[in-house]
Number of protein chains: 2
Amino acid sequence: MVNRFVEKMSGLADLTASDVAALEAATAKSHRYAARKDLIREGDETGPMFVVLEGWLCRYKILPNGTRQIMAFLMPGDACDLNIKLLAEMDHSIQALTPAHVARVARADMQAMMDKHPNIARAMYTAQLVDEGIMRAWIVSMGRRTSTERVAHLICELYLRARSIGLTHDDEFALPLSQLVLADALGMTSVHINRVLKVLRLTGAMGLSRGSVTIMDPAKLVNIAGFDENYLHRRLRPTN
Amino acid sequence: MVNRFVEKMSGLADLTASDVAALEAATAKSHRYAARKDLIREGDETGPMFVVLEGWLCRYKILPNGTRQIMAFLMPGDACDLNIKLLAEMDHSIQALTPAHVARVARADMQAMMDKHPNIARAMYTAQLVDEGIMRAWIVSMGRRTSTERVAHLICELYLRARSIGLTHDDEFALPLSQLVLADALGMTSVHINRVLKVLRLTGAMGLSRGSVTIMDPAKLVNIAGFDENYLHRRLRPTN
DNA sequence: CGAAGGGTTGATCAATTTCAATCGCGGTGG
DNA sequence: CCACCGCGATTGAAATTGATCAACCCTTCG
């Protein structure tokens, strides 16, 4: 099976055969997690770096009032928290949203690999910068976009991220997330996101059903979202 | 004058005299920026790393509809974008909110310094992890907190950050930001933030006037905000 | 067959924005 | 020294968005 992590890293820096081999070796062993299973919780001692090979994860936090906010989606190929071991404990939780395969890499191993393979270091740093850009884009969405724009924007982002790791089929891609999960990521209620999705469907921009998104009119969707892909920094590698 | 950057870094890792000297040398030369001046704009080619020595900056983005969203405040001691040179162009802008002194450090110099001074590398990585935690906290606030909670939470954060670099006096600290700027950071209108501040003042939790915040009742403010400081990871160093 | 989770819809309520005015204060030009 | 200007703060009233409350439906799965 393809190692999506290697795929993604190759897209961020030119990797030699030796670089690829090192990455594959580091992520050869993976653990399986069931959907809804926490990989690590807020307050836990920090651990190894996670690398998602299959399935979707999310970072989230539960507030005192019981509501949940998802701060990031992690899809195949994504790694989290390069130097996390420098911190004493986690300030948020990470959970599997679908059954997932996740490799764990100790900070020391990662450090050694990066010292020996500068291209890998470069790719990791770049990935981290892109992740920060994504977080900032989320802040912008939550702060200044209406709910419809926000949903459209998230779908644009997820579509491009999925496409860059070869997870799309033409104008479709699998989005195995319930409306409740999407709502928790976008700061709205599942009732409201349902209505927004209906509007987007009737508008002819996009549709979401049975775990699959169809981009019906890309230009229209991008326009609704006010989407500018520059923050994903895909320029690093020509669009396929 | 104190070098707040050195101050902050000392709080994140144990630094030797040689480490401190290196940091001071790297940030000895600083540039002055007037309030409202952009240091770099979205779309610009990426440049050196900025280190704030005096004054406040913010990261922001202007949306197609003309609204602005601030994604981060940078106060004295804060550095931005360690490896930014890996990206081709900026995905957001950085602006001075007050007159500011900012040092610029080239990526190569920074890299050399970190290679030679592992403690500095550790402090930089830690600072970056904390900054990411702050971004996630902002996402949580924007998504799941009411406007009152959100304002209270931001003030708690800024108070602690200011305190950790010695910028507070008892229960007061200087917050040289207009209500419009705060509104753009919190995703609300300046009209509404004004009303929220009034409520917080009447509640007896905090007051903001003439550029200065007074925490009237810390416990009450923390309670309103649902504030948990764990995400600032101050544990690394005993609270002064 | 029955239960559960997710999706859909309607009606009502509450939080925020929007629009409009007014106020106050520091700075500027005369 | 004083009137004037402009930005930021403040307040009121109306308009909107999104949340809440409550059903009901559909499909999956044991």
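Chain A is the first sequence line, chain B the second, and so forth, proteins listed ahead of strands; every chain is numbered from 1. Side chains are part of it too, since the values below use all heavy atoms of this structure and drop only hydrogens, waters and symmetry mates.
A distance-only check finds a donor-acceptor pair linking the side chain of B:R144 to the backbone of A:M188 [under 3.5 Å].
Residue A:R161 forms a side chain to side chain contact (heavy atoms under 4.5 Å, CB included) with just one option from A:I134, A:L167, A:V130, and that option is A:I134.
In this structure, A:Y33 and A:F50 have perpendicular ring planes: the angle between them is above 60°, well past the 30° mark.
In this structure the side chain of B:L39 reaches within 4.5 angstrom of the side chain of B:V102, judged on heavy atoms. Taking 4.5 Å as the limit, some side-chain heavy atom of A:Y60 sits within range of a side-chain heavy atom of A:Q95.
A salt bridge does not link A:R41 with A:D44: every distance from a Lys NZ or Arg NE/NH1/NH2 to an Asp or Glu carboxylate oxygen is 4.0 Å or more. A salt bridge links A:R59 to A:D81: one of the charged nitrogens lies within less than 4.0 Å of a carboxylate oxygen. The pair A:R163-A:D171 fails the salt-bridge criterion, with no side-chain N (NZ, NE, NH1 or NH2) lying under 4.0 Å from an Asp/Glu carboxylate O.
Straight-line distance from the CG atom of B:L186 to the P atom of C:dT16: 12 Å, rounded to whole Å. Whole-Å rounding puts the A:I193 CD1 to D:dA19 C1' distance at 14 Å. The CG-P distance, from A:N65 to D:dA19, rounds to 13 Å in whole Å.
When only modelled atom types and interatomic distance are considered, B:E42 and A:N230 share a side-chain donor-acceptor pair under 3.5 Å.
The shortest distance between the side-chain N/O atoms of B:T189 and the OP1/OP2 oxygens of C:dT16 is not below 4.0 Å.
For an aromatic pair to be called close, the ring centres must be under 6.0 Å apart, and B:W138 with B:F73 satisfies this.
Over its length, the helix from C:dC1-D:dG30 to C:dG30-D:dC1 turns its helix axis by 30°, as judged from the five terminal pairs at each end, rounded to 10°.
As judged by a 4.0 angstrom heavy-atom cut-off over every strand, A:G211 is placed among residues making no nucleic acid contact.
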**Message:** I need a per-nucleotide contact map over nucleotides 4-10 of chain C, read 5' to 3'. Cutoff is protein heavy atoms under 4.0 Å; write B for the base, S for backbone only, - otherwise.
**Reply:** -SSSBBB
**Worked check of side chain to side chain donor-acceptor pair (under 3.5 Å) between A:S190 and A:Q179** = CA-CA 6 Å; A:S190 58; A:Q179 295 183 358; over 6 Å; no
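Residues from residues 144-155 of chain A placing a heavy atom under 4.0 Å of any atom in DNA chain C do not occur.
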